[in-house]
Amino acid sequence: MTDRKIRVLVAKPGLDGHDRGAKTVASVLRDSGMEVIYTGLHQTPEMIAEVAVQEDVDVVGLSILSGAHMELFPRVREELKKRGLDHVLLTGGGIIPGEDMEKLESQGFAKLFGPGTRTDAIAEYIKTEMKRRWAHTS
Amino acid sequence: MSAQDVKQVDARALWQEAFEGARKRDVDFSSVSGSKLKGLYGPEDASVDFARDLGYPGQFPFTRGVHATMYRSRLWTMRQFAGFGSAQQTNERFKFLLEHGQTGLSTAFDFPTLMGYDSDHERSRGEVGQVGVAISSLRDMQTLMDGIPMADVSTSMTINGPAPILLAFYIACGERQGVDPKLLRGTVQNDILKEFQAQHAWIVPAEPALRMITDVMGYCSTHVPQWNTISISGYHIREAGSTAAQELAFTLANGMEYVKRGIAAGLDVDDFAPRLSFFFDSHIDFFEEIAKFRAARRIWARKMRDTFGAKDPKSWMVRFHTQTAGVTLTAQQPENNIVRTAFEALAAVLGGTQSLHTNSMDETLSLPTEKAVKIALRTQQIIAEETEVAHVIDPLAGSYFVEAQTNRLEAEAEKYFAEIERRGGVVPATEAGYIQREIHRSAVGYQAAVERGSKKVVGVNCYEEDHDRTPTIEIHKIDPAVERDQHQRLAEVRKKRDAAKAKSAIDDIRDACKGTDNLLERFVAAAHAECTLGEIAQVLRDEFGEYKEPKIL
């Protein structure tokens, strides 16, 4: 089980066109040994959940800088749930005020990352979290 | 060799020895774009033929500035980009800025507007009014400009995919205020190529999008002659992660593509080129940025005169707006952003900008508060009124270092022009993702440099403080009621308008899409008939299809 590669979907929900962060994180996660699928821009919550099913991912990372996170993040979570993907590690980042991060994390989101985060910290977090989860299930 | 020369050679050898023998700080001596820098520049580094490469301000090749007097006649336009929530809220912010001495307006639209969706479209949920103002109809535009004399103020609109539609709303709004379109002054960004490359708000594919741009150039040259029909933008390319040289090269390559398209559409280059304007980033590397602005003017002048055969000196000029670099702002210790912005603004002024937006300290956290916006505006006013830098034109000309950097950036841009040409031009290079990959490569490289510590960011990888996560300053939040109110306003517009007139305006647009009639003219008619942005954009989607981004990862 330990040799299995972590499969990550990096996704851009909504109409937000800022993809520098998402693409940078996607590249870094790939270089750190994960299988990374990047959705491209302007995705609806439904589109993201569909790709997550098709690609059988372990992690979904949402990136948003448009201020619409309180609308779109919960909807992505709902769509994943509808498709039986409750177990996926659902994380993300962008321009999200601290209080909103706390609210989302209390609703079942894993750790969310803000501006200035080191990309290796994100990779490390995902690896540690998946290791812990896989240890529980095996 | 004269005795004097011998002395010089000795002095230089002596310095070289001292310099090379000395211990240096263990840092990466390169520009923020990663260009290696020497410790000292001299005449041997800055080969400049004064007449050919610099000349005089207001004269070819405009390296020293586009006007003979520069800021001695008129300071740059202080133009803060603003827009959030409803048209009414943004109208109030506009008036606030004008009252505090701002001299031009600049409009930020929300994502639904930027993508051509009405506020009540399914895809607009949660995004209405968030990063800019929601404008779905002529009525919204009228509210936005209410009480602002459109004949007197110049307005910039940052919109691209639906730019001709928003411009049509603005023209129609002016007509309702009783203002002849000939008197309207302002800019519509209307630069779709950099949307495909960097900013990513689009509607239709490249060819129909470019046709709409030439329609705007054609229509405005007769009907709205004082309007800047495109603001060819490097800003978003740079913010997406490019280097200074890439920003310069891709922006000017895009500009040359628009010129080619205008000429191919049968327009006289001197009829439309004087109305092309530019928009650059002013990043944190002070001298590299100043050199970039100088290089931009020189390259464009040479291309326009020598390659495109423009005769009117106005066609040769790079007139540009500048915004300080949003990407250099940090969420950590946000007050430090005031200082970063001040240096960046100073570089823009020393580089000869025509107008300037200074970012607010809180913009990595949310839209700016009034207090933060005021400090940003005051930063420009301090540069203008207190530092005395505006008294002398192009004060850094002749600096060995600045001239060497200007030459280097010009040479690097030329290399990119050749590479783009080799790939069949800007459109094929963009559709194949080449430009996007180049930008991405630089973005990843810079991030790695910050994480390695070879590029420093105060508060992020040095001089950090604890309480990082929760911001310590006030945050501007958008009320969700804005979205509900917009739904109601749109429902009213649709109910009250003459339905037959609206339908016929939409049919006229459809016909023009299939043929070659000027689309902007049809959009103005549709604006008067109260057709909404989303309705008009939907016709474009039906007729032309939607742009699909190439996969680069």
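Letters A, B, ... mirror the listed sequences (proteins, then strands); counts begin at 1. In this text, all values refer to a predicted model and were calculated from it rather than measured experimentally.
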Open item on the list: Strictly below 4.0 Å, N to O, side chains only: are B:Arg452 and A:Asp120 in salt-bridge contact?
Closed with: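 No.
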Task: Point-to-point distance, once rounded to the nearest 0.5 Å, from CG of A:Asp100 to OG of B:Ser366 - done: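 A:Asp100 atom CG to B:Ser366 atom OG measures 10.5 Å (nearest 0.5 Å).
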TODO: Select one option (side chain, backbone, both, neither) describing which atoms of A:Leu65 are under 4.5 Å from chain B's heavy atoms.
DONE: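 For A:Leu65, backbone heavy atoms alone lie under 4.5 Å from chain B.
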Task: Region of A:Asp31 in contact with chain B, defined by heavy-atom distances below 4.5 Å - done: neither
TODO: Using heavy atoms and a sub-4.5 Å threshold, report which of residues 69-86 of chain A line up against chain B, by residue number.
DONE: A:Glu71, A:Leu72, A:Arg75
Task: Toward chain B: residues of residues 9-24 of chain A with heavy atoms under 4.5 Å - done: A:Gly14, A:Leu15, A:Asp16, A:Gly17, A:His18, A:Asp19, A:Arg20, A:Lys23, A:Thr24
Open item on the list: I need the full list of salt bridge (Lys or Arg N to Asp or Glu O under 4.0 Å) pairs touching residues 56-67 of chain A, with sequence neighbours left out, sorted by first then second residue.
Closed with: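 Sorted result for residues 56-67 of chain A: A:Arg4-A:Asp58.
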TODO: Check each atom of B:Ala443 against the heavy atoms of chain A and say whether the ones under 4.5 Å are side chain, backbone, both or neither.
DONE: both
Task: Closest non-hydrogen atom pair, B:Val131 against A:Ser66 - done: CG1-O, 3.2 Å
Task: Closest non-hydrogen atom pair, A:Pro97 against B:Lys477 - done: CG-CE, 4.5 Å
- [ ] Tell me, please, which residues at least two apart from B:Arg437 pass side chain to side chain contact (heavy atoms under 4.5 Å, CB included).
- [x] B:Ile552
Task: Donor-acceptor contact below 3.5 Å, side chain B:Gln332 vs main chain A:Pro115 - done: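 Side chain of B:Gln332 to backbone of A:Pro115, a donor-acceptor pair under 3.5 Å: yes, one is there.
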TODO: Would you please say whether a donor-acceptor pair under 3.5 Å links the side chains of B:Glu451 and A:Thr119?
DONE: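 Side-chain D/A pair, B:Glu451 to A:Thr119: present.
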Task: Derivation of the side-chain contact (heavy atoms from CB on, under 4.5 Å) call for A:His42 and B:Arg123 - done: CA-CA 9 Å; A:His42 310 146; B:Arg123 298 213 58 178; 4.0 Å; yes
